[in-house]
Amino acid sequence: MPELPEVETTRRGIAPHCEGKIVAALTVRDARLRWPVPADLPQRIEGQVLLEADRRAKYLLLRFTAGAVIVHLGMSGSLRVITDQSAPLKHDHIELSFTDGTLLRFNDPRRFGCWLWSEQPEQHPLLAALGPEPLSAEFNGPYLWRKSRGRQTPVKSFLMDNHNVVGVGNIYANEALFKAGIHPTRAAGRISAARYNQLCIHIRETLSAAILLGGTTLRDFVNSDGKPGYFAQSLLVYGRGGLPCTSCTRVLREIRMNQRTTVYCPVCQR
DNA sequence: CTACGAACCTGCCTGC
DNA sequence: TGCAGGCAGGTTCGTA
């Protein structure tokens, strides 16, 4: 479920429900996530004001005076605002309640997500080495071009490497490369500055459009199981291997790169 | 330093 | 209907 647009959608969904509120309790039903949930996490935040629900890359940062809870949704995680008194479902591993009765539930079947504590989250090993945000001014064509010089690695792998730019997951790497007309296996170091300018624009546009779509279904999303029905229609290549290219009608090709499904048009992408 | 595969998990879909 | 196999939106880690 979570690529950057959905993490941002989640952040926007929960922020108005929890910012400025006092944590009543953090209940950990299953601490076996990507890394064990620290046993002292509840005592660190109970009674404290959640100042801000922030985001860095695909990490949600629940900021408190003394530090922040670093939350990652992994492959299958979701964070929902619970408005009724429903009982926890299967895989509802963590529950964050506030003194006004607001309830956040973290559900993660595959348990690839994490809940960690850091007094200085920006310096945390998971965040310290991350590349720029794709929607920031720092991320631009010249940056990508410079960063990729001498790199033999396929451009798709290069884009999905968090050291270079964060938040470009498998779906959006496929989509942006198609829109930019760049073949996913092309060596990152052998792409011109002009084409990186185009690629950068398409990465931004694709992510921004998806965030906007997420926004339109915000209320549903927070209460949903995270199924991205609203993405499907705007996807040009992802999930369309074997179907005709929307631009030239040639059959889209599907290959595997780094164990991830990669779809491209053999005519439009070079 | 780079590059690639394995690993962490459960659920769901396909095909026999 | 059952079961094995493959695949899934992420990321780290070990090995070459």
How would you label the contact of Tyr59(A) with the nucleic acid (heavy atoms, under 4.0 Å): base, sugar-phosphate, or nothing?
sugar-phosphate
Under 5.5 Å between ring centres and under 30° between planes: true for Phe112(A) and the base of dT11(C)?
no
Taking atom types as modelled, is there a side-chain donor on Lys179(A) or Thr206(A) under 3.5 Å from an acceptor on the other?
yes
With DNA chain C as reference, determine whether Leu126(A) or Arg110(A) sits nearer its 5' end, using the nearest nucleotide of each.
Arg110(A)
Closest to the side chain of Lys58(A), out of dG9(C), dA6(B), dT11(C), is dT11(C)
What's the closest nucleotide to the His72(A) side chain, out of dG9(C), dC9(B), dG10(C)?
dG10(C)
Where the side chain of Gln259(A) is defined as all heavy atoms beyond and including C-beta, which of dG9(C), dA6(B), dC7(C) is the nearest nucleotide?
dA6(B)
Consider only side-chain N and O atoms of Asn107(A) and Ser78(A), and report whether a donor and an acceptor are under 3.5 Å apart.
no
Please check the phosphate of dG9(C) (OP1 and OP2 only) for any side-chain N or O of Arg260(A) closer than 4.0 Å.
yes
Presence of His91(A) side-chain N/O under 4.0 Å of dC9(B) phosphate oxygens OP1/OP2:
no
The Watson-Crick or G-U wobble partner of dC9(B), with both key distances under 3.5 Å, is none
Would you say the side chain of Arg111(A) and the base of dC9(B) hold a donor-acceptor pair, judged only by whether the two atoms sit under 3.5 Å apart?
no
May I ask you to verify whether the side chain of Glu6(A) and the base of dG9(C) hold a donor-acceptor pair under 3.5 Å?
yes
Looking at Arg34(A) and dT11(C), is any side-chain donor or acceptor paired with a base atom of the opposite kind under 3.5 Å?
yes
Starting at atom CE of Met75(A), determine the distance to atom C1' of dA7(B), rounded to an integer number of angstrom.
12 Å
Side-chain donor-acceptor contact under 3.5 Å, Thr262(A) with Lys156(A)
yes
Atom-pair distance (CG on Asp161(A); P on dC13(C)), nearest Å
14 Å
Consider only side-chain heavy atoms of I, L, V, M, F, W and Y, link residues closer than 4.5 Å, and tell whether Tyr172(A) and Phe139(A) are in one cluster.
yes
In whole angstroms, how far is the P atom of dG9(C) from the CD atom of Glu8(A)?
22 Å
Candidate nucleotides dC7(C), dT12(C), dG10(C), ranked by approach to the side chain of Asn170(A) - the nearest:
dG10(C)
Should dG9(C) form a Watson-Crick or G-U wobble pair with both distances under 3.5 Å, which nucleotide is its partner?
none
Heavy atoms of other groups near Gln152(A) CD, more than 12 under 6.0 Å
no
